[in-house]
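To start, the structure under review is shown below, and the notes come after it.
The figures that follow rest on heavy atoms only: side chains count, while hydrogens, waters and symmetry mates do not. Order of the sequence lines fixes the chain letters, A, B, ..., with proteins taken first and strands second; residue numbering starts at 1 for each chain.
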Amino acid sequence: MTTHGHLPWEAYALLFVILLTQGTWLFVDARKHSKWPWFWGLWGLLQAPIPTLVYLLVVRKMWEKWRRKPRL
Amino acid sequence: MRKKHHPADDFVVAKDESNPYSSPNRADPFAASLYDSLHHLNEMVPDEPPELNQFTRLVRDTKLQERRKMHRDLALFGGVATTILAGWLLGLFMDPAMFMDFMLIISIISIAATPIGVYVRHRHRGETSV
C-alpha cells in the first residue's frame, strides 16, 4: 500500500469525499433556508463533523424539536 | 359582450341618461371627485380575469430561473471547493502534525464561538432564553 506522509492514500480520498459531501450539503441546505450558504459551505469544507453539528443546532434548530417532544 | 359595470350604477339617485359616465350630482364636489376617481379606477381594471396559462407560465419560468441560478452557484462552489480541498490535502501531505494542530485550534475556536453565535442570534429575535 502506498503511503503519503503518515496516512495511506485511501485516507486522503476518504477525507476528500467526506469534506466535499459535507460542504456541498451544507451549501445547498443553507441556500434553501436562506442562511448564509457560502459561510456554511466553506466551513463544511474545512473540518468534519463540527460544522454539520453546529448547523443542525443553530440553523435547523434540532434542539427545539427535541424540546417540543411530548413526554410519555 | 357584457356591458362593463360602472360605479354610477351603484348610485340610487337618478343620473343623466344621455351620458353614462356623468356624475349623478355634480353640484357636490366631494361626490363628483369620488365618482370620477371610482370611474378612473374602474377603467384601469380589466374586465376579463387573467388567463390560467399566464400563471402557469410565470411559475414555470420562475422555477427554471431558480434552477439555473442553483446550477450556477453549485458550479462556482464546486470550483472553490476543489481549490480549498486541494490546499487542505496538500497541507496535510506536507506537514501532517502541524496541519492537525491547526485543525485542532480551528475546532476549539468553532466550539467556543457556537454558544456566542446562538446567543447573539436569539438576542436579535428578542429571545434570550436558549
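- Hydrophobic clustering (ILVMFWY, side-chain heavy atoms < 4.5 Å, transitive): B:Ile111 and A:Trp40 are in one cluster.
- Applying the side-chain contact (heavy atoms from CB on, under 4.5 Å) test to A:Ala48 and every residue at least two apart in sequence or in another chain returns A:Ile18, A:Leu19, A:Gln22.
- The local environment of CZ in A:Phe39 is crowded, with over 12 non-hydrogen atoms from other residues, nucleotides or ligands closer than 6.0 Å.
- Looking at B:Ile84, only its side chain comes within 4.5 Å of chain A, counting heavy atoms on both sides.
- Closest heavy-atom contact between B:Leu89 and A:Leu15: CD2-CB, 4.5 Å.
- Atom OG of B:Ser107 sits about 4.0 Å away from atom CD1 of A:Ile50, to the nearest 0.5 Å.
- Interatomic distance, CG of B:Leu90 versus OH of A:Tyr12, reported as 9.5 Å (0.5 Å rounding).
- Under the ring-ring contact (aromatic ring centres under 6.0 Å, His included) criterion, A:Trp38 pairs with A:Phe27, B:Phe77, sequence neighbours left out.
- Each of A:Val17 and A:Trp9 belongs to its own hydrophobic cluster when Ile, Leu, Val, Met, Phe, Trp and Tyr are linked at side-chain heavy-atom distances under 4.5 angstrom.
- Transitive grouping of hydrophobic side chains (ILVMFWY, heavy atoms separated by less than 4.5 Å) keeps B:Ile106 and A:Leu53 in distinct clusters.
- Both B:Phe102 and B:Leu85 are assigned to one and the same hydrophobic cluster, defined by single-linkage of ILVMFWY side chains at heavy-atom distances under 4.5 Å.
- The side-chain contact (heavy atoms from CB on, under 4.5 Å) check on A:Ala11 picks up A:Leu7, A:Pro8, with sequence neighbours excluded.
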* Evaluate side chain to side chain contact (heavy atoms under 4.5 Å, CB included) for A:Thr24 paired with B:Leu74, printing each intermediate quantity in order. => CA-CA 8 Å; A:Thr24 308; B:Leu74 266 180; 4.1 Å; yes
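- Contacts of A:Leu42 with chain B are made by both backbone and side-chain atoms, with heavy-atom separations under 4.5 Å.
- B:Leu76 and A:Leu45 fall within the same hydrophobic cluster, defined by Ile, Leu, Val, Met, Phe, Trp and Tyr side-chain heavy atoms under 4.5 Å apart, directly or through other members.
- Counting heavy-atom pairs under 4.5 Å between each of B:Val80, B:Asp95, B:Asp73 and chain A puts B:Asp73 at the top.
- Residues of residues 61-71 of chain B lying within less than 4.5 angstrom of chain A, judged on heavy atoms, are B:Lys69, B:Met70 in numerical order.
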